[in-house]
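Note that this is a predicted model, so its numbers are computed, not measured. The sequence lines fix the lettering, A, B, ..., with proteins before strands; numbering per chain opens at 1.
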Amino acid sequence: MQAADGVNRLVSEPDEFGHWGRYGGRYVPETLVAPLEEMTAEFMRAQGDASFWEEFHELLRDFSGRPTPLFRAHRLTEYAGGAQIFLKREDLSHTGSHKINNAVGQALLARRMGKRRIIAETGAGQHGVATATVCALFGLKCIIYMGAEDVRRQALNVFRMRLLGAEVVTVNAGTRTLKDAINEALRDWVTNVHETYYLLGSALGPHPYPLMVREFQSVIGREAREQILQRTGKLPSALVACVGGGSNAIGLFHPFIADGQVRLIGVEAGGRGELLGQHAARFHAAPGSGGHLEGVLHGTRSYVLQDEGGQIATTHSVSAGLDYAAVGPEHAYLHDNGRAEYLSATDDEALQGLKLCAEREGIIPALESSHAILPALNLAKRLTKNDAIIVNLSGRGDKDVQLIASAEDTTA
Amino acid sequence: MGRIEAKFADLKRRGRRALIPFVTAGDPDLPTTELLLAELARAGADLIEVGVPFSDPVADGPVIQRASERALRNGVTLSALLGCVAGSRHRLEIPIVLFSYFNPLLQFGLERLASEARTAGVDGILVTDLIPEEASDWEKILQANAIDPIFLVAPTTSDARLKQITGRTRGFIYAISRTGVTGAREEMTGAAEALVRRVRDCTDLPVAVGFGVTTAKHVRDVWRYADAAVVGSAIVQEIERCGSNDQVVRRVGELVRRLLRTEDDGA
Ligand SMILES: Cc1ncc(COP(=O)(O)O)c(C=O)c1O
């Protein structure tokens with residue numbers, strides 16, 4: 001599919017500086033250029049090194065429990081009354097979400113680079129837990145930055161990180177969420193650059209992170225592609241995944257990029273309203289939403305929620321992991337060239353999705369992953385039983401149970 | 001010749017080094033910033049850096065972060081900030097350099113920014129999170145408007161990159177004294193001097209050293225090997241201490257005079 005502007009929608013590879021078209025790149029303080037170049041060079045070497053991937057896959061198998069199953073969701077399928085619905089069970093991964101795939105990959109890279117001090121940001125706490133876990137596994141020092149608001153709403157994960165030996169630093173600046181945790185992690189990195197490896201948790205940030213994280217997460221899509229072909233004998237009609245920074249979505253999508261007949265559908269957090277500050281839907285174009293604007297945040301150029309002055313907006317989502325003002329640059333590129341589509345689901349829709357999945361499949365998904373469920377059911381209704389849809393169940397909901405209980409309390 | 005080049009040429013002729021104070025625009029408020037700019041010049045500043053407030057200042061320590069927050073709470077916009085510079089221009093002749101993050105400029109529109117900044121009397125713009133690799137459009141736009149693009153170099157910058165960066169900078173080079181964020185420090189490290197020596201091997205442009213320059217002693221130490229010392233957090237801290245107190249202008253002026261007094265050994 002070659003469009004008039006010369007963009008081939010069936011490939012999605014950055015240039016050597018990490019640009020997908022106008023997006024991506026490196027917008028960082030000069031101090032960080034050297035460590036990013038060093039990291040890029042080491043990642044490129046690792047990519048061509050079979051022993052690196054052998055160890056990666058061995059750990060994903062024996063430590064993390066891969067491959068994760070592709071589960072045919074009979075009762076959700078029946079409920080929608082259309083396409084067959086399959087769930088890619090990342091929730092069954094060790095530590096409870098897809099974040100472990102990237103954490104294992106980058107920890108291996110950090111070890112190759114001889115870095116013994118690992119820092120990371122976390123929103124929902126899933127990436128923090130995954131990072132604390134691999135640091136325990138490899139005997140690395142681990143410091144996790146987490147916004148005060150997220151510390152409050154994801155208390156269980158804070159406790160898990162501490163059990164795993166990590167130091168959790170509460171960030172009280174700004175909006176006290178994921179964005180501020182990344183700011184603080186970047187400040188730490190700039191200061192302790194020589195001995196520190198920054199293990200970024202999503203497909204965002206400066207080059208090489210968006211590319212590297214995608215490569216580590218693509219194991220999701222490669223498995224899913226093989227599994228669905230085995231089960232149904234053909235490619236699915238659509239893939240549906242929630243999009244925070246975009247790592248679980250790009251991990252599922254990327255191995256299907258060249259399969260033009262497979263629709264790629266990302267679901268952003270619609271929050272509790274369309275106005276700026278009430279949601280985290282970066283692609284949303286409604287007037288007053290602050291969405292659909294190009295910007296630069298945390299080292300990359302992409303769609304960024306912001307006010308008219310270019311100040312980064314406050315976001316809202318019931319799920320800490322989607323509560324972020326920017327989206328990974330590859331998603332911005334796939335959005336513009338039309339290869340992927342982006343919808344949003346509100347807080348309430350996510351909660352409904354979570355309940356349907358719990359009551360009809362016996363699976364409690366993470367609030368993040370729950371955003372993908374209603375959009376997938378709605379799409380399934382419009383398709384036939386000869387079609388298949390894969391929903392990425394990026395994580396499990398244990399961490400959210402308390403939050404849901406208190407949300408019910410206040411609405412009861 | 002631009003105002004920055006002329007300034008450094010004049011200093012060189014007189015065998016002098018420069019002091020560059022930094023203030024965040026709109027802290028404590030824009031009318032005070034306008035008074036502060038005039039007072040800084042009267043107190044002996046050779047150039048002034050004006051910080052553009054940003055919600056997510058990843059290269060800044062707590063002091064300048066808080067200044068940014070205060071300014072944003074006051075609703076400072078880029079247009080108002082440029083108005084403040086323009087309003088100061090009839091009272092001061094020294095070069096003014098904007099110090100910003102990229103997103104507010106991008107959102108304002110780069111062409112519009114360059115042309116309005118030129119009209120307001122801005123001489124150079126330094127963007128903390130814009131490296132030359134991402135800046136080719138930016139450089140063209142600034143040069144078309146006779147504004148100097150100033151890039152930063154850091155102790156981690158390789159020799160190869162130093163060559164490239166110094167080749168693309170106009171006005172002066174900004175050398176970051178240490179790995180880290182902005183913030184006042186008791187001691188300066190030896191990293192700055194080593195970096196400036198490497199920069200001198202690449203270019204004849206003047207070199208300014210910033211990040212952590214706090215006391216008169218630091219300023220004189222930097223002047224041994226560099227052309228200019230940038231003092232940021234120490235000044236912003238003084239502004240913070242005064243709050244909206246009407247002494248702020250006088251106190252900041254006194255601080256700058258103390259920084260310039262050669263017989264003073266203390267802070
Ligand atoms: C379970 C789960 N899914 C999704 C996300 C969102 O991140 P991403 O868009 O990078 O997959 C998170 C982030 O914390 C998460 O914990």
**Asked** When you check the side-chain N and O atoms of A:His207 and B:Glu133, is any donor under 3.5 Å from an acceptor?
**Response** no
**Message:** If I measure from the heavy atoms of chain A, does B:Pro62 come under 4.5 Å with its side chain, its backbone, both, or neither?
**Reply:** neither
**Message:** Go through it in stages, so that I can follow the logic: the residues are B:Thr156 and A:Val33, the test is side chain to side chain contact (heavy atoms under 4.5 Å, CB included), and I'd like the CA-CA distance, side-chain angles, deciding distance and then a yes or no.
**Reply:** CA-CA 8 Å; B:Thr156 53; A:Val33 173; over 6 Å; no
**Message:** Let's test your reading of the structure: which of B:Ser158, B:Gly180, B:Pro155 forms the most heavy-atom pairs below 4.5 Å with chain A?
**Reply:** B:Gly180
**Message:** Below 4.5 Å, heavy-atom pairs only: which of A:Asn192, A:Asp307, A:Val296 has the largest tally toward chain B?
**Reply:** A:Val296
**Fill in**
Under 4.5 Å to a heavy atom of chain A? For B:Thr157 that would be both
**Pairing of B:Arg161 and A:Glu30 as salt bridge, 4.0 angstrom limit** = yes
**Spacing of OG belonging to B:Ser55 relative to CG belonging to A:Leu297, to within rounding of 0.5 Å** = 7.5 Å
**Asked** At a heavy-atom separation under 4.5 Å, does A:Ile182 approach chain B through its side chain, its backbone, both, or neither?
**Response** neither
**Message:** Please report the interatomic distance OH(B:Tyr101) to CD1(A:Ile312), rounded to the nearest 0.5 Å.
**Reply:** 12.0 Å
**Message:** Is it true that, when you exclude B:Asp204 itself, more than 12 heavy atoms of the residues, nucleotides or ligands shown sit nearer than 6.0 Å to its CG?
**Reply:** no
**Message:** If you count every heavy atom of other residues, nucleotides or ligands that lies below 6.0 Å from B:Glu187 atom CD, does the total exceed 12?
**Reply:** no
**Item:** Shortest non-hydrogen contact between A:Gln311 and B:Pro53, atoms and distance
**Value:** NE2-O, 3.1 Å
**Prompt:** Which atoms of A:Glu308 come close to chain B, meaning under 4.5 Å heavy atom to heavy atom: side chain ones, backbone ones, both, or neither?
**Reply:** backbone
**Complete:** Max heavy-atom pairs within cutoff under 4.5 Å with chain A, candidates B:Thr77, B:Val181, B:Asp56, B:Ile176, goes to B:Asp56
**Prompt:** Should A:Arg187 and B:Pro57 count as side-chain neighbours, where that means a heavy-atom distance under 4.5 Å?
**Reply:** yes
**Item:** Within 6.0 Å of CD in A:Glu195, more than 12 heavy atoms from elsewhere
**Value:** yes
**Prompt:** Do any of residues 102-117 of chain B have a heavy atom less than 4.5 Å from a heavy atom of chain A, and if so, which, in residue order?
**Reply:** B:Phe102, B:Asn103, B:Pro104, B:Leu106, B:Gln107
**Asked** Do A:Val190 and B:Thr179 come close enough that some side-chain heavy atom pair is under 4.5 Å?
**Response** no
**Prompt:** Can you tell which of A:Arg26, A:Arg301, A:His19 makes a side-chain hydrogen bond (donor to acceptor under 3.5 Å, both in side chains) with B:Glu134?
**Reply:** A:His19
